[in-house]
Amino acid sequence: MIFSLAPKSQCTASLRRRFSKSAIQVLALPALAATLVCTSPASAKVTITTVPAELRSNHFTMTINGQPVAVSHAAANYYFVNFDLDGSGGRVEISITAPTEDYWAKGVEVQPWRWNIRPAIDGRTITFALDHPAKLSITRPNDHLADAEMFFLFANPPEKDAPAKNATGVHYYGPGAYHENIDAHSGDTIYLAAGAVVFGSLNLWDVENVKVAGRGAIVYDGPQNPGSDEGWKNQPNWHVIVMHNARHIDISGITCIVRSRTWMIQMRDSRYVNFDNVKVIGGSPGNANQDGMDWLGGGDTVVRDVFIRAADDIFAMYGNWDGYTEEALTTPGHDVDNILIEDSVLSTSISNVVRVGWPKKIFNSKNFTLRNSDVIHMGIGGCGVPFSLFEIWADPAGKGEHSGFLFQDIRLEDWYSLLQLRQPNPSIRDVRLRNIWAIESPSLVPSVLKGEVRGVNIENFKVGDRLVDGAADVPMDVSDAISPMVSRALTAPLASFTITPSLIEPGQPVIFDASRSSAHASSFAGRDKLIRYEWFFGDGTTDTGRLVHHKFPDAEGTLRDGSGRFRVLLKVTDSLGQTDWSYKPAVVETSLQPAEAGSRPAPGLIFHYYEGDWAGPPDLANLAPAATGTAVTVDSSMRKRDEHYALSFDGYISVPVDGGYVFTLLSRDLGEIRIGPTVVVSSPAPVAQVCSSVGNAVQAATGTIGLKAGLHSIHIFYSHTTGANDFAARWEGPTFSAQSIPASSLAPKNIPVARH
C-alpha cells in the first residue's frame, strides 16, 4: 500500500473526503491498495508503504508528519524504515519513539555527520526535519558495534519508471510476503513493489541481461553454522544475492537483509553489473564472515548510492574462494578489475572498508575507485593485521599484481587506520588517496606499508582542521616498501576557519571566520577561486558566507549528551567544483572550573608505574609502585615490561585562555583523565580483537570541560593487559588544534595517588 503524505491536518482531511477514515485508520487497512497525494507548499511529498507482518516490528515506532509509518526488523538489533521523499516542495517532520523512557538519556547520534541533523528529545521520542533523500544511521552515541541497537532510515528519491503489475515480461512481486528463492533467467525483469518482501535468495546463475528493481526487500536467513565460516560458498541459495558468470545485471532500489553468517552479495566471474540505491543490512550472532560485497574474479561493476551495514569487510576482492584448504587457498584465481563505488554510506561492525586478497591467495587486481562516500563506522581492532580503510594482506605467501586504486573525497567518521598494505610478491603499485577527511578523531593505530609496495600517494589528508603534510603525521610504519608521498593536493582548495570568542555561552553571538580558507594555484590560474562557504553548526542549523555570526541554543552539544561540544563543519567549493572540509569543536559552557594557580613553565608530570595482573581496575592507593619519576610526555615509554602493568600521571596542566577544552584518551584497556575533581574522560569497556590477534582494540574516549586560564590539577591513569602498547592523551582548545599534550603545558606535583 502506498500513500503520499503532507502535514497531518491537510492529509487527514483529504483522506476523510476520499475514504471517510482518518489517515491513521487508513494506514491500518491491509486490504486497501491506493495512492494518496496530499500537497502543501511547506511539506515535501512522501510516499510510504505498509510492511508485511512477517517483517514488522513494534520495538520502535515512527511517524512522518504525525502519521504512523511501519518499522521493520532487519537483522540482529537493527531496524529500518523505507520511504520515498521528493524534497523539492519542502520538508517533513520525523518522530521516532524508542522502547524505554530513558533510551535517549545519554544522547542521540545521526550519521552521516554532514547532514547536520540534531534531533529534539522529548522523553523516549526524538524528532527532526528532513527535506532531501538520505540514508541515515540513528544510534545512541558511541554505540555502533555488533551488539548495538541501530535504526536505519532510508529516504529514497522518488521511484521512476515502475512497471504496471501486468506489464509484459515482468516478474512482478506485489505487496506481501513470499517464501521462495528468485531464480533469474536471461532477459528477466524482476520487480519488487513497495511492500513486497521475499524471504529467500536472488540467484543470478549463468545469466545475462537481467534487471531487478523496486522498493521491496529480500530477507535471507540461511542454514549456515553461526559458530563457523561457511558463508564463502559460491552456490545458489547461499547469499541474499549470488552471481556466477553473470553479465549485464542491473539492481536498483531494493533492500537486502541478511540474518545468517554468510557473505551477503557475492559475485563470481561476473561483469557489467550495476547497483543503484541498494540498501544492505547484515547482522548475526557470529559477528563475522558477513561481507557486504565480494568479487571472486570479474568486475566491471558500478556501485552507486548504496548503504551497507556489514559484519565483516564492506567490499572484498579475491580471485576465487573455494575454502580454507591449502589447495583451495593456493589455486590461482581470476583477475578482478574495473570497479567504481561512489556516493555511498558505509558501515561495518568489524573489519575493513575495502580488502584485497588473503594470505596465500594468488590473483591480480586493478582499477578500483571509491569516491564521494561517508565511512560512518569502521571495525576496531584487527584480524591478523589492524582494520583500515584499505587493506591488501597477502603476507607472507600471497602473490599477485595489484594497481590503480583511488580513494577520493572520503569522509571518515568512526575509523581505525588508513592503510594496511602488506604484499611480498610481486607488487602493489599506484595507490592514491586524495581528499580524505578524518572529520573528528585521529588514526587509532599506525598504517603499515610492508613488502613490494610502491607509488603510494596521499594528497590533502586532513584530520579535523589540520592538513597532514608528512608520512610521520599519518602515522605510518614502512618496512621494505617505498615511503609514500604525502602532500597537499596541488589543485585543491583549503577549508580553514576560526571561532571567536574563546569562551562561548548559550545564546552568545559567535563569529565564524573562513578567511584562512583559500583556493590553490593550478593550470587554470585565475579561475580557481572560492565561490561558496557552507557552514554546518552541529545544532541543526546552517549558513553560507565567508564570515558568519551564530548563536548556539544550549550547552547540550551536537549529541545532546550534555558535553556542550558542537560539531562544526565548513565546506568550501572553488570555481572548478572542487571541495574541502574542515572541522572544529565549538564548546559551549555555562560555567568554568577555576584554576588553582597562575600559569608557569614546567617540564612534565610525576609518574608512578605498577606491575600486576588485575581482573579489573587496580587499587593504586594500596599498591607500591615499581618505579616513579618525571615523565616529559604522557605515554607508556617508562614501562619495564609490555604486559600487565599500570601507569598514573599527576601534576598540573597549564590552560592558556578561558574556554571549553576537549580531552581524548587512546587506550586498549582501562584509562581515565581527571581535571581537578572532575572525571573528564573514562575509557569504555575493552573490546577483544579477533582471529587470535593478541589483546584488545584501541578505543578513543573523549570528554569536554570548561576551564579558567591557569594551572589545573591533572590525573591520568592507564592499565594494560596484553597486546601492543598504544596509549596516548590528547587535547584541543579554543586557540589550538587537537594534539598530544606537550611537556610545556605540564607541571609536576607530588600529590597522593588517587584511588581507583
Side-chain angles (χ1 to χ4, degrees), residues 24 48 51 55-83 92-113 115-130 134-155 257 259 279 281-285 287 307 309 311 345 347 349 376-377 380 413-414 538-540 553-567 682-685 687 699 701-704:
I24 297 176
I48 65 172
V51 175
L55 198 63
R56 199 177 305 151
S57 170
N58 61 5
H59 189 74
F60 291 91
T61 59
M62 176 173 153
T63 65
I64 301 179
N65 289 336
Q67 308 302 322
V69 177
V71 176
S72 298
H73 172 243
N77 299 315
Y78 307 151
Y79 304 85
F80 73 99
V81 165
N82 251 320
F83 60 94
V92 294
E93 184 176 272
I94 294 170
S95 293
I96 301 170
T97 300
T100 61
E101 290 297 329
D102 62 348
Y103 192 88
W104 308 110
K106 295 183 179 180
V108 57
E109 180 160 34
V110 181
Q111 295 173 274
W113 295 338
W115 290 128
N116 190 45
I117 296 174
R118 183 191 188 231
I121 301 177
D122 182 8
R124 59 179 181 161
T125 299
I126 61 172
T127 304
F128 59 92
L130 191 64
K135 294 174 172 62
L136 303 178
S137 168
I138 303 170
T139 63
R140 290 171 285 194
N142 303 311
D143 191 21
H144 54 77
L145 299 179
D147 58 351
E149 282 194 348
M150 308 183 78
F151 190 100
F152 303 124
L153 188 149
F154 304 131
I257 307 298
R259 295 172 173 172
K279 288 75 64 177
I281 306 173
S284 70
N287 187 35
F307 176 96
R309 169 64 176 186
V345 180
S347 169
S349 61
I376 61 174
H377 307 123
I380 63 173
E413 298 185 9
D414 294 300
D539 60 0
D554 53 56
E556 295 182 12
T558 292
L559 303 182
R560 294 193 178 275
D561 56 356
S563 68
R565 184 172 73 256
F566 287 88
R567 188 179 283 132
S682 185
S683 295
V687 174
Q699 296 188 78
T702 299
T704 307

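Everything quoted here is computed from the prediction, not taken from an experiment.
Judged by distance alone, with hydrogens and angles left aside, the side-chain atoms of Arg124 form a donor-acceptor pair with the main-chain N or O of Pro99 at under 3.5 Å. Although no hydrogens or angles enter the test, the distance criterion places a donor-acceptor pair under 3.5 Å between the side chain of Thr558 and the main chain of Gly538. No donor-acceptor pair closer than 3.5 Å links the side chain of Glu413 to the backbone N or O of Gln111. Listed for the Thr704 side chain is no donor-acceptor partner under 3.5 Å among the backbone atoms of Arg565.
The 12-atom threshold is exceeded at CG of Asp102, counting heavy atoms of other residues, nucleotides or ligands nearer than 6.0 Å. Shown here is Asp554, whose CG atom has more than 12 heavy atoms of other residues, nucleotides or ligands within 6.0 Å.
Across Tyr78, Phe152, Phe80, a single residue satisfies ring pair (Phe, Tyr, Trp, His ring centres under 6.0 Å) together with Phe307, and that is Phe152.
Side chains of Ser347 and Arg309: a donor-acceptor N/O pair is present below 3.5 angstrom, by distance only. Between the side chains of Glu109 and His144, no donor N or O sits under 3.5 Å from an acceptor N or O.
Figure legend: Arg560 and Trp104 shown without cation-pi pairing, the cationic atom not lying both under 6.0 angstrom from the six-membered ring centre and within 45 degrees of its axis.
The six-membered or imidazole ring of Phe60 lies near that of Tyr103, with a centre-to-centre distance under 6.0 Å.
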Please assess Leu130 against Leu153 for the test side chain to side chain contact (heavy atoms under 4.5 Å, CB included), listing each intermediate value before the final yes or no.
-> CA-CA 11 Å; Leu130 191 64; Leu153 188 149; 4.1 Å; yes
